[in-house]
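Below is one structure, written out as structure tokens; the observations come after it.
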Amino acid sequence: MNSSSAECKHAKLNQWVKEMAETCGPKDIHWCDGSKAEYDRLMKEMVASGATLPLAKRPNCFHFRSDPSDVARVEDRTFISYPEEIEAGPTNNWMHPDQLKATMRDLYKDCMKGRTMYIIPFSMGPIGGPLSKIGIEITDSPYVVCNMHTMTRVSTKVLEVLGADGEYIPCMHSVGAPLEPGQKDVPWPCAPIEQKYISHFPEENLIWSYGSGYGGNALLGKKCLALRIASAMARREGWMAEHMLILRLTSPEGRQFHITGAFPSACGKTNLAMIQPTIPGWKAECIGDDIAWLKIGPDGRLYAINPEAGFFGVAPGTAYDTNPMAMESIKENCIFTNCAVTDDSDVWWEGMGPAPAHAIDWKNKDWTPQSETPAAHPNARFTAPAAQCPMISSDWEKPEGVPIDIFIFGGRRGSVVPLVYEALNWDHGVFLGSTAASETTAANIGAVGNLRRDPFAMLPFCGYNMGDYFQHWFEMGDRLGDKAPKIFYVNWFRKSPEGKFMWPGFGENSRVLKWMCERVAGKAGAADTAIGKLPKPEDMDTGGLNLDPATLKELLTVKPADWKAELPDMEAHFAKFGDRLPPRLAKQLDELKKRLG
Ligand code: GTP
Ligand code: SPV
Ligand code: MN
């Protein structure tokens, strides 16, 4: 045991660590201090063991290859556990806490044999901030420790803030791969899929994760704490925990607009958070790229913080011409996972730029442009400190957050959904969020490209009955009244019959954002349609946009027949919630039907 444990004065925390150590049987225990020395030492050990490769082309950067079975979140193995199944609701996997804990206790028994148990004190949000929360992650993965250093605020200061009896969220994690005496470790230890459990006990603010070392399954501050547990806390305490980017746009006149956007995994949050506007005079600053915690401030407006400290971003598709700010953020001090490694010791992925003549792919095999499989896994990721982003806002760590003007919902839809539309009012906006649909992506293990309802981009992340979550949105709107943000819906992913994206996206999305800001300012026009208010082509700034006017018109057209065809699926989606569906949503669906005629 190292010295920091002596510094922990929190009897309950010490007792929990002792119990977990007795259960898991690690060879030793290390209390993390979050220092650079600690990070450097762990990376050095992982280089020596062959778990990672330093990248000569990027200072202080390391590349990891996961086990081919452990490449993304596992929604089928993710559980929301309450004594009553109805509290988890129809969209979550449920198991009774007694049964789930008994199963997992068996798995945890001696699961850390031959490994070090790390205790990570971390803060989501600035340490000690009014919206911040403290977590303690126990893990046997040094890869997780290093990622948590970047993604959260890991520090002995967290233990100081906690004092003798402060509140923390216990986050238990093991890769589930004990080592017998003399057994050689593998580069990426994990358990088989059927033994993986990503479990949440929201009534106890408790997380138990077993069997995976990847992303949201293992970096427990992110989806498990900051979304699933936090969403349940937020409902109890009257705030919101959302799967949203946070962006500040400043108009040429100097007016600031704060925008949050909820898109499902791998549907464009990081890219929009780092937008480089193509329209002159508009400036963007990044505040967060994945999660927002929002609370009503003393002036009655809604304030948002980014609880994270880093970006865990999708690598494929990231390039200087699509997201230069991300490229600038990942030049040093980053962790890369499941990319390809080039012969000159750099990372590469599909969509980054010209392919190298040869590389070693994410599965550690030779790769050339003639290969039939991708060089990087589609869910390959970079872990980068947010402070390294050149456009990070000077206010990104403001403990009280920034006041939100605009909520955007959206998803990946090849057809039907126009480029942008505005909700008629708050209730209609909640309806748009609740019926959001998107094609599935590689961010979850499972089929890709299947259309599914993903309400508020929270389908995999809501820690309680989603029907009650819808109701919580209505209640927040009632409290906000005329100070509520305006709500919009976007789709950057409409495709032509030839299968090409019709909208150029990325920096050109600033044209859509400008229209939204001007709607807030009461300056831009819109046309009423059955689904909401759409810009007429002349309401959008298209100066310098290289897009065929017919394509723009098509992107801004609503076809009632297409929307009528959506209705049965919306009805079936709502029916799943039974009497937990807020009547205000049923009313919105009725009104949509009437408007469609
Ligand atoms: P998570 O980290 O999984 O929550 O994903 P995300 O929502 O942050 O998605 P991200 O911004 O990483 O984008 C995912 C993929 O969509 C990348 O391959 C991007 O290049 C692509 N993408 C993002 N924005 C656009 C856009 O405006 N147009 C098009 N065509 N593709 C986009
Ligand atoms: C997502 O899937 O929405 C992510 C990546 O942001 S992970 O952290 O793995 O959940
Ligand atoms: Mn995400």
Side-chain angles (χ1 to χ4, degrees), residues 66 70-75 78 144 147-148 151-152 198 209 212-228 242-247 261-276 278 286 288-292 308 310-323 325-327 337-338 349-352 374 376-384 408 410-414 419-420 438-446 448 454 457-461 490-495 499-513:
S66 81
D70 197 28
V71 293
R73 286 183 297 100
V74 283
E75 291 175 14
T78 300
V144 166
N147 274 276
M148 288 291 286
M151 294 304 299
T152 73
I198 320 298
S209 168
S212 168
Y214 207 91
N217 300 332
L219 314 177
L220 302 187
K222 197 174 178 55
K223 304 301 164 147
C224 299
L225 192 164
L227 287 178
R228 299 194 191 97
E242 301 295 336
H243 192 200
M244 289 177 173
L245 69 100
I246 312 171
L247 168 71
F263 312 145
S265 303
C267 290
K269 288 183 300 302
T270 300
N271 278 269
L272 192 63
M274 298 184 191
I275 191 168
Q276 293 295 95
T278 51
C286 174
D289 84 323
D290 197 54
I291 299 177
E308 301 191 277
F311 308 124
F312 185 63
V314 177
T318 306
Y320 270 101
D321 58 357
T322 56
N323 193 348
M325 290 298 128
M327 294 302 284
T337 310
N338 286 345
W349 47 74
E350 279 68 21
M352 186 200 233
H377 186 277
N379 192 41
R381 298 258 169 180
F382 54 77
T383 313
I408 311 177
R412 196 179 272 274
R413 289 291 301 261
L419 179 63
V420 60
S438 193
E439 291 148 20
T440 52
T441 66
N444 172 45
I445 291 190
V448 169
D454 186 346
M458 284 289 278
L459 182 70
F461 307 120
V490 302
N491 177 26
W492 313 139
F493 299 96
R494 201 57 185 264
K495 284 186 174 165
K500 286 227 169 77
F501 288 121
M502 292 165 69
W503 175 249
F506 305 104
E508 302 293 12
N509 294 335
S510 58
R511 300 174 188 280
V512 175
L513 299 182

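All ligand and atom numbering here is 1-based and tracks the order in the structure. We're numbering straight along the sequence, starting at 1.
Looking at heavy atoms from C-beta onward, Met244 lies out of side-chain contact with Ile291 at the 4.5 angstrom threshold. Residues Leu247 and Leu513 have side chains in contact (heavy-atom distance under 4.5 Å, counting atoms from C-beta outward).
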*I would like to know whether Leu245 and Thr270 meet side chain to side chain contact (heavy atoms under 4.5 Å, CB included); could you show each step before the answer?*
CA-CA 7 Å; Leu245 69 100; Thr270 300; over 6 Å; no
*For side-chain hydrogen bond (donor to acceptor under 3.5 Å, both in side chains), just list the numbers for Ser212 and Asp70, CA-CA rounded to whole Å, side-chain angles, deciding distance to a tenth of an Å, and then say yes or no.*
CA-CA 6 Å; Ser212 168; Asp70 197 28; 2.7 Å; yes
*Chi angles and distances behind the side chain to side chain contact (heavy atoms under 4.5 Å, CB included) call for Arg228, Lys223*: CA-CA 6 Å; Arg228 299 194 191 97; Lys223 304 301 164 147; 4.0 Å; yes
*Going through the distances and angles, do Thr440 and Arg412 end up as a side-chain hydrogen bond (donor to acceptor under 3.5 Å, both in side chains)?*
CA-CA 8 Å; Thr440 52; Arg412 196 179 272 274; over 6 Å; no
*Start with the C-alpha gap between Glu242 and Met458, add the side-chain angles, then the distance that decides, and say whether side chain to side chain contact (heavy atoms under 4.5 Å, CB included) holds.*
CA-CA 7 Å; Glu242 301 295 336; Met458 284 289 278; 3.9 Å; yes
*Hey, mind stepping through Trp503 and Asn509 against side-chain hydrogen bond (donor to acceptor under 3.5 Å, both in side chains) and telling me if it holds?*
CA-CA 9 Å; Trp503 175 249; Asn509 294 335; 2.6 Å; yes
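The closest protein non-hydrogen atom to atom 10 (O) of ligand 2 is Arg73 CD, 2.8 Å. Looking only at protein heavy atoms, the nearest one to atom 7 (S) of ligand 2 is Gly216 N, 3.5 Å.
The closest approach between any non-hydrogen atom of Phe461 and ligand 2 is below 4.0 Å. Between Lys269 and ligand 2 there is no heavy-atom distance shorter than 4.0 Å.
With ligand atoms numbered from 1 in the order given, ligand 2 contributes 6 (O) to contacts under 4.0 Å with heavy atoms of Asp290. Close approach of ligand 2 to Lys222 is summarised as follows: ligand atoms under 4.0 Å from at least one heavy atom of the residue are 6 (O), 8 (O). For ligand 2, the atoms lying closer than 4.0 Å to a non-hydrogen atom of His243 are 3 (O). Atoms of ligand 2 found under 4.0 Å from any heavy atom of Ala443 (numbered from 1 in listed order, with element): 2 (O). Atom numbering of ligand 2 starts at 1 in the shown order; those under 4.0 Å from a heavy atom of Lys223 are 1 (C), 3 (O), 4 (C), 6 (O), 8 (O), 10 (O). Near Gly215, the atoms of ligand 2 lying under 4.0 angstrom from a non-hydrogen atom of the residue are 9 (O).
Inspection of the Asn379 and Arg381 side chains reveals an N or O donor paired with an N or O acceptor under 3.5 Å. No side-chain donor-acceptor contact under 3.5 Å links Asp454 and Ser438.
Considering backbone and side-chain N/O of Ser265, one or more are found under 3.5 Å from N/O of ligand 2.
Judged by a 6.0 Å distance limit and a 45° cone about the ring axis, Lys269 is not positioned over the six-membered ring of Phe263. Cation-pi check for Lys222 over Phe312 is not met; the charged atom does not lie both under 6.0 angstrom from the ring centroid and within 45 degrees of its normal.
Around the Mn ion (ligand 3), the protein contributes the following N, O or S atoms under 2.8 Å, ordered by chain and number: Lys223 NZ, His243 NE2, Asp290 OD1.
Residues meeting the ring pair (Phe, Tyr, Trp, His ring centres under 6.0 Å) test with Tyr320, sequence neighbours left out: none. Residues passing the ring pair (Phe, Tyr, Trp, His ring centres under 6.0 Å) test with Phe506, sequence neighbours excluded: none.
When each of Thr152, Thr337, Thr383 is checked for a side-chain hydrogen bond (donor to acceptor under 3.5 Å, both in side chains) with Asn147, only Thr383 meets the rule.
Sorted by chain then number, the residues whose non-hydrogen atoms approach ligand 1 to under 4.0 Å are His243, Pro264, Ser265, Ala266, Cys267, Gly268, Lys269, Thr270, Asn271, Asp290, Phe312, Val314, Pro316, Gly317, Arg381, Arg412, Trp492, Phe493, Phe501, Gly505, Phe506, Asn509.
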